[in-house]
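Report on the following structure.
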Amino acid sequence: MIYPETDTISNIELSDDDIEFIDRIVEEIGRGEESVIPILQAIQDRYRYLPEPILKRVCEITDITPSQIIGVSTFYTQFRHRPVGKHIINVCHGTACHVKGSVSIQDAFCRQLRLSENIDTDPEGIFTIQKVACLGCCTLAPVVQIDGITYGHLTPDTVPKVLDDFLSSSYKLSHKSELDDGLIISEGEEKGEIRLGLGSCCIAKGSDKVRSELIKSVQKHKIRAKIKRVGCVGICHQTPLVEVVMPNKRSYLYAKVTPEDVESIVLRHFKPKGVFRKIANITSKIIDKALTDESWEPITRYSISVRDPHVSAFLEKQKHIATEYAGSISPTDLDEYLENGGFIALKKCLTELN
Ligand code: FES
Ligand code: FES
């Protein structure tokens, strides 16, 4: 097979495990040409690139030809033909990031990783760099993502710090389990809901760390609140956003929340038992002071209101169509989606229209 960039790849020999894997995925996915993409995806999921001997085996046991594999795997940029480093650096070259200097950011990473022209993986095999289109958090441009962790507002000078931060970060992907859907911390009747924006901008600005603090705080004080992830609220430049919704439906929106703010916010709205109640009163007073300050900055630091002219001027012009209820329901909670009229059109098509 004439395969792109084959220099080191063809030396790999197939083990029994490899053969068992390929035979199994072909059995599950199919042998026809329509199976090319899912087979390549399955191979890349396992090996993180497309080793040539594996592709040869696919051609041997299916109706798929080498030219079909080459055609598809070179057309779609998701497929890689070379081994990749342990971590992938996605440098956004979307319009906003381009305008804000993504080319110089890419150059800075290449310099820092000692990558020569046309080489995308560092000599130690730790990082592979690639260009990607918009990562969906343009307010932070220029942006890079390393294994799903987003770094924004970069300059060439901050690139070494980004790599250091990533390598020394205690952030682990196992941490992701905490990003699951609605979580009721203690048993009993819910006393409110704490909504946390976990859209791309929110995550990029650290809302997952805010969520960790929320969970810790609510657990520590045995507060009966549901912590719920919600999608983009539409004010991405004010992220991370936390909204507290009380049983009487009154809601309080907090912008630019940091992990350090979390305890104060929680204790302001939920009453813990014993000594913590006193702390709640103290922190509540501090926040009240911020709320009555007339300047914009202290208010954005804590609570904002959708009726505030700064906020309403921005939000009122937005009409959410596909993202209706973004900010109030969990994007992956089907029950909640159904409760809010989800799939009504589909139901109508299936039951009322011929
Ligand atoms: S253009 Fe880079 S995040 Fe949108
Ligand atoms: S992504 Fe969080 S408000 Fe838009």
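All ligand and atom numbering here is 1-based and tracks the order in the structure.
The main-chain N or O of Ile235 is never found under 3.5 Å from a side-chain atom of Gln238 such that the two would form a donor-acceptor pair.
For the pair Glu20 and Arg24, the salt-bridge criterion is met [side-chain N within less than 4.0 Å of a carboxylate O].
If you check the side chains of Thr150 and Gln145, you find a donor sitting under 3.5 Å from an acceptor. Checked by atom type, the side-chain pair Asp261/Thr258 shows a donor-acceptor distance below 3.5 Å.
Near Thr239, the atoms of ligand 2 lying under 4.0 angstrom from a non-hydrogen atom of the residue are 2 (Fe), 3 (S). Close approach of ligand 1 to Ala96 is summarised as follows: ligand atoms under 4.0 Å from at least one heavy atom of the residue are 1 (S). In summary, the atoms of ligand 1 found under 4.0 Å from a heavy atom of Gly136, numbered by their order in the structure, are 3 (S). Heavy-atom proximity to Cys232, at under 4.0 Å, picks out these atoms of ligand 2: 1 (S), 3 (S), 4 (Fe).
Atom 2 (Fe) of ligand 1 does not have Cys137 among its coordinating residues (no N/O/S atom, backbone or side chain, under 2.8 Å). For residue Cys202, an N/O/S atom approaches atom 2 (Fe) of ligand 2 to within less than 2.8 Å. Taking backbone and side-chain atoms together, Cys92 has an N/O/S atom less than 2.8 Å away from atom 2 (Fe) of ligand 1.
Under the 4.5 Å side-chain criterion, counting only non-hydrogen atoms from C-beta, Val143 is not in contact with Tyr151.
Taking atom 3 (S) of ligand 2 as the reference point, the nearest protein heavy-atom neighbour is Val233 N, 3.3 Å.
Residue Leu241 touches ligand 2 through its side chain alone, judged by heavy-atom distances below 4.0 Å.
By the 30° and 60° cut-offs, the orientation of the rings of His87 relative to Phe127 is tilted.
Heavy-atom distances between Cys201 and ligand 2 reach below 4.0 Å in at least one pair.
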- request: May I have the step-by-step check of side-chain contact (heavy atoms from CB on, under 4.5 Å) for Phe109 and Leu115, ending in yes or no?
  value: CA-CA 8 Å; Phe109 272 104; Leu115 303 180; over 6 Å; no
